[in-house]
Amino acid sequence: MTLENIKSEMEANVPGCVLEIVGNPSPSGQHSLRIDPAHAVAIATFLRDAEHLRFDYCSNVTGIDWPGKEISEKVKAKKLVDGAEQEVEEIRKTQTIGHLEVVYHLYSMEKKHGPVILRMRTEDRAEGVHLPSLTHVWRSADFQEREIFDLYGVIFDGHPDLRRILMWDGFQDHPMRKDYVEPDDYEYEPTAHDQVLERARQHRTVMGAQ
Amino acid sequence: MIAATEPVRILSKSPTDDGEGQFLEVSMGPQHPSTHGVFRMDVVLDGERIVKLKPVFGYLHRNHEKIAENETYLGSMPYTDRLDYFCSLTNNWAYALAVEKLAGIQVPERAEYIRIITAELTRFQNHAALIGFLTQDMGASGTPLMYAFRERETILDLFESLTGARMMCNYMRFGGCRVDLPAGWLDHAKQFAATLPRFLDEFERLLATNEILMARTQGVGVLSKEFAVNAGVTGPILRASGVNYDLRKVDKYGIYDRFAFKIPLGEHGDTYDRYMVRLLEMRESLNILNQALKDIPDGPIVDPKTKIRGFKPKPGEAYGRIEAPKGELGFYLISDGTPNPYRYRVRSSCMMNLTVLEELCIGRNVADVVVILGSIDIVMGEVDR
């Protein structure tokens, strides 16, 4: 079963979905499929439940950061030089926005085939970082999506328990992003001491102890 | 959750069906000896019964993936030893396999054999030690663990004479292995393998039909087939639930298709099956080991054309995975043509197996958590990365 077949089947079964095959030039030959976030859950459910596909096992969920790049290109422009209009070459710089990407590696334990690789992109890296969660399709995405939220800052809509997982709760930034800068010191680390002491105080009052 | 105005009781009156009892929050770990490292479970208890359990980890997080992005491809190899420090050789292999897929490197036959020999020895010592720890957690103080460690010592000695290190082996290279087997190593390994059937019989006889072990493990922490697949559980735990999925058979990476071996499967998916599947897997590992030790050919151990220093794969990506002793260990690499990987991701088998802990524990007693966690087989170095 080639990726093209899977793609055309998905287009037939999930109306309105936008798919694009992303080629992989390396010898591994693992090409992937870029899906649109709006139809992600429908696509995932189809891949999991279709009789002959049965991708029942989501092995790996990865976050990738693609920061915006500065693209410089040479353009010819007309300019006034010493009072006369001349054509000069100048370098024009444009800034791309960049995006975060999430990659799902799917296999089938029942049919023993795979991988099918799905990719999804966020709109940008600042505000539009929302993607649908596939946790309800594959439970194995649960903790891995939490990890991507923690380390990359992708917000998975519909995730049942989106909290930080590897960094502590009070941590601010997303350390796996390419532009992350380490703070000067890690002295501050929040602890729940005050809450625990408060709870202990209440406990003593109720129990009538000292 | 404890309401702030309600009194906290150590023991609730009785577990009620409508969940109206008094709940107690207990933080098990991160320094609890049964958690095998720095791992915490936020447990909500109704008396002795577990109502809720949230695994909390990250205490050993050092952002291995970020470090690797700033390292060369070869420079990450020693770091992979520190993921699952019980099984450094299989970690090396998983990483080497992913890089070989990414750059299209061929591995000479002798190196493939050495990889299989070292990987099966690793699997053997991992399972033996795990069973030792599991029974130790149950109260079989010392004896099974010491039996397992006696054999493990010999295996680590073999690793030391081959790689120079007992645990942090740093042995595999892209396209082969670092050094050839020293003189006499194969004979040592063969002699050692000849003693293992006796050890396995002894180890099995020691506990497999023990009444206490059966009472503590049978029917405890049952993991259903469908849920195990959906939750991405792999390795012996998955097979104990009766799913026939072993990457040595499915992917046939390396040269595993040349060896005859069986995949032990469990029936009930409980802790006893997980224990038993590992015992049986040790026999199959020994089986593979004997075949590999007999058939290993002479030849180069690394493809001479492979460029190890200044290694720069062409842009692209690859996901390579192997059947590590604890489950599927995968590496996902993206190259942008520079000497450092653009993205380096570890798909940790321990972490994925740990995610089902809550489902296994709910409704059981606190004492069972220790046993269930022991049967999952985690190493925090790989969970937290």
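Throughout, protein chains are lettered first and strands after them, A, B, ... in sequence-line order, and every chain is numbered starting at 1.
With chain A as partner, the option from B:H61, B:M352, B:E317 having the largest number of non-hydrogen pairs under 4.5 angstrom is B:E317. Here B:A231 is the residue among B:G232, B:S348, B:A231, B:P55 with the most heavy-atom pairs under 4.5 Å with chain A. For the options B:A318, B:G104, B:G330, heavy-atom pairs under 4.5 Å to chain A are most numerous at B:A318. Among the candidates B:L60, B:D251, B:L102, B:V250, the residue making the largest number of heavy-atom pairs closer than 4.5 Å to chain A is B:L102. Per-residue heavy-atom pair counts under 4.5 Å with chain B were compared for A:R119, A:E198, A:E110, and the maximum is reached by A:R119.
Heavy-atom neighbours of chain B within the stretch residues 131-142 of chain A, taken at a separation under 4.5 angstrom, comprise A:V137, A:W138, A:R139, A:S140.
At a 4.5 Å heavy-atom cutoff, A:R146 makes no contact with chain B through either its backbone or its side chain. Using a 4.5 Å cut-off between heavy atoms, A:E147 touches chain B through its side chain atoms alone. Interface residue B:V233: only backbone heavy atoms are found under 4.5 Å from chain A. Only the backbone of A:V61 comes within less than 4.5 Å of a heavy atom of chain B; no side-chain atom from C-beta onward does. No part of B:K249 comes within reach of chain A, as not one of its non-hydrogen atoms sits under 4.5 angstrom from that chain. In this structure, chain A has no heavy atom under 4.5 Å from any part of B:L354. Contact of B:L238 with chain A is made through the side chain alone, with heavy-atom distances under 4.5 Å. Of the atoms belonging to B:E100, not a single heavy atom falls under 4.5 Å from chain A. The part of B:E328 that comes within reach of chain A is its side chain, from C-beta onward, which places non-hydrogen atoms under 4.5 angstrom from that chain. With a threshold of 4.5 angstrom between heavy atoms, B:V229 approaches chain A through its backbone and through its side chain. In this structure, chain A has a heavy atom under 4.5 Å from the side chain of B:T234, while its backbone stays farther away. Neither the backbone nor the side chain of A:R164 has a heavy atom closer than 4.5 Å to any heavy atom of chain B. At a 4.5 Å heavy-atom cutoff, the contact between B:D384 and chain A is made by backbone and side-chain atoms alike. Heavy atoms of B:A103 lying under 4.5 Å from chain A belong exclusively to its backbone.
A 4.5 Å side-chain heavy-atom check between B:K54 and A:R163 finds at least one atom pair inside the cut-off. Between A:W66 and B:R343 there is no side-chain heavy-atom pair separated by less than 4.5 Å.
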- Query: Passes side chain to side chain contact (heavy atoms under 4.5 Å, CB included), A:S59 versus B:Y319? Steps please.
  - Reply: CA-CA 11 Å; A:S59 166; B:Y319 179 61; 2.9 Å; yes
request  = Go through the steps to decide whether A:K178 and B:Y342 satisfy the test side chain to side chain contact (heavy atoms under 4.5 Å, CB included), and finish with yes or no.
outcome  = CA-CA 10 Å; A:K178 292 280 178 188; B:Y342 185 79; 3.6 Å; yes
Legend entry - Candidate pair B:R347 and A:H105, rule side chain to side chain contact (heavy atoms under 4.5 Å, CB included), full reasoning: CA-CA 10 Å; B:R347 190 267 183 209; A:H105 283 78; over 6 Å; no
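Ring-plane geometry between A:Y57 and B:Y245 is classed as perpendicular, the angle between the planes exceeding 60 degrees on a 0 to 90 degree scale with a lower cut at 30.
Within 6.0 Å of atom OH in B:Y79, 12 or fewer heavy atoms from other residues, nucleotides or ligands are found, so the atom counts as exposed in its surroundings. Open room surrounds CD on A:E123; 12 or fewer heavy atoms of other groups in view lie less than 6.0 Å from it. Shown here is A:E73, whose CD atom has more than 12 heavy atoms of other residues, nucleotides or ligands within 6.0 Å. B:I263 CD1: more than 12 foreign heavy atoms inside a 6.0 Å radius. For A:Q95, the CD atom counts as densely surrounded, since its 6.0 Å shell holds more than 12 non-hydrogen atoms of other residues, nucleotides or ligands.
Atom CG of residue A:L166 and atom CZ of residue B:R62 lie 10.5 Å apart, to the nearest 0.5 angstrom.
For the pairing with B:R345, the side chain to side chain contact (heavy atoms under 4.5 Å, CB included) check across A:I64, A:V103, A:N60 returns one residue only, A:N60.
For the residue pair B:G316 and A:S26, the shortest heavy atom distance occurs at CA-CB, 3.8 Å.
Under a 3.5 Å cut-off, the side chain of B:K66 and the backbone N or O of A:P175 do form a donor-acceptor pair.
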